[in-house]
Amino acid sequence: MQGLLLLVFAKMMHLPFIRNSQTTYTRTGIFGYWGNKGAVSVRFSFYGHMVCFLNCHLAAHMHNALQRVDEFEHILETQDFDIFDTPHVLDHKVVFWFGDLNFRIEDHGLHFVRSSINGGRLNLLWSKDQLIMMKKKEPFLQEFEEGPLNFKPTYKFDRKADTYDTSGKKRKPAWTDRILWRIKPKSLPSGEEEEEEGDDEKASTFTDNGQDEYPILVTQNTYTSVMSYGVSDHKPVIGNFTLELRKCFDTQLVHVTPVGEWSADQNALLTYTILEDFMSSTWDWIGLYKVGFKSASDYETFVWVRENELPEVNEVIEKSVDKNEIPLLSEEYVLGYYSTNLNSIVGLSDNFQILESKRAAVEGLVPKDINGINN
Ligand SMILES: *[C@@H]1O[C@H](CO)[C@@H](O)[C@H](O)[C@H]1NC(C)=O
């Protein structure tokens, strides 16, 4: 969405266990605002635990606290994913909710707010922070946790400076930029909320939804802002979290591996094997990636997995990669099996070295000898 960006990075070792990633967005224009307000979210299964990140930019101005809560509720109600067991944001085991939530500090005058900040007595302001106030009133907000606001309000600064707004408007500083999280409350034990007939169905809901059986522990290590940034009239906020969880699975869905030496001097070979039944498709492909790649579409080249019929589980399939598609210079690469239905890389080979091609020198890609005529 215009003006709202959400990027997720992962260590390569976790990639094959990040599955079913989906994104969605909401414009909150219906409330009379245009352009940059709204929300974007991404959800995925992380080792079988359903995780959702939700970035919101809510309505501005002091008097709109209630509207901000309404917008947030609207976002939670309307965002949906094409996933049967976690169609909504709050169905996810862990939700991180963050962004320019735009809540302000009520009642206190500008002078009191500034002197509390300068005197390092931030706690004097907490009880008048609108989000903290709203959490007391709204049960659904209470399910979201937040660390203590031990950093200075991150709004509003003069640009390229760490002085609060000196313009004519002299806006009161506020903790507009926040990071909260929510662990899905435990479902009631089966039988407690429904009559007998419901029991069977309930049991299967529990097993399908492996995430309900294993708890996940979220610990916030730091919650702070970075004062040295000057590009915005806000300061960025950082939250560092540790997630402790029991993996619901730790084997890849597909085993993919390069065969023999790879260089652009000859066609190369790879094999892949589907290890477990999943929604594989003839639209799946295997990409060749430089180690450190940033996105699934960042491949150097790719091959379709199979043109006609899908392979059996445990069948070893060989694919050839045209030499003209192979990079000329020696570098570290990795092969990734991309599942179109799961929107993610579900199998990753070990890193391997592509050897420098004889053609590299011919095409002038290799520096000439230090005594060569070109120096
Ligand atoms: C986050 O916190 C952990 C634990 O304190 C630390 O080991 C890690 O380096 C931190 N990560 C970043 C990016 O600061």
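In listed order, ligands and their atoms are each counted from 1.
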message: Ring of Phe103, cation from Arg68 - is the NZ or CZ under 6.0 Å from the centre and inside 45° of the axis?
response: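 Yes - Arg68 lies over the ring of Phe103, closer than 6.0 Å to its centre and within 45° of its axis.
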
Side-chain touch Phe157/Thr163, heavy atoms, less than 4.5 angstrom: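 Heavy-atom side-chain distance check fails, nothing below 4.5 Å.
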
Contact bool for atom 2 (O) of ligand 1 (protein heavy atom, d < 4.0 Å):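 Within 4.0 Å of atom 2 (O) of ligand 1, protein heavy atoms are found.
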
query: Does atom 7 (O) of ligand 1 have a protein heavy-atom neighbour under 4.0 Å away?
result: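 Protein heavy atom within 4.0 Å of atom 7 (O) of ligand 1: absent.
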
message: Centroid separation under 6.0 Å, is that true for the rings of Tyr229 and His234?
response: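 For His234 and Tyr229, the ring centres are not under 6.0 Å apart.
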
- prompt: Which pairs pass ring-ring contact (aromatic ring centres under 6.0 Å, His included) with one or both residues in residues 247-267, sequence neighbours excluded?
  reply: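 Only Trp262-Phe352 qualify under ring-ring contact (aromatic ring centres under 6.0 Å, His included).
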
- prompt: In terms of residue, atom name and distance, what is the protein heavy atom nearest to atom 14 (O) of ligand 1?
  reply: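 The protein heavy atom lying closest is Asn240 ND2, 3.5 Å.
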
task: Name the closest protein heavy atom to atom 4 (C) of ligand 1, giving the residue it belongs to and the distance to 0.1 Å.
output: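 Sorting protein heavy atoms by distance from atom 4 (C) of ligand 1 puts Asn221 ND2, 3.7 Å first.
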
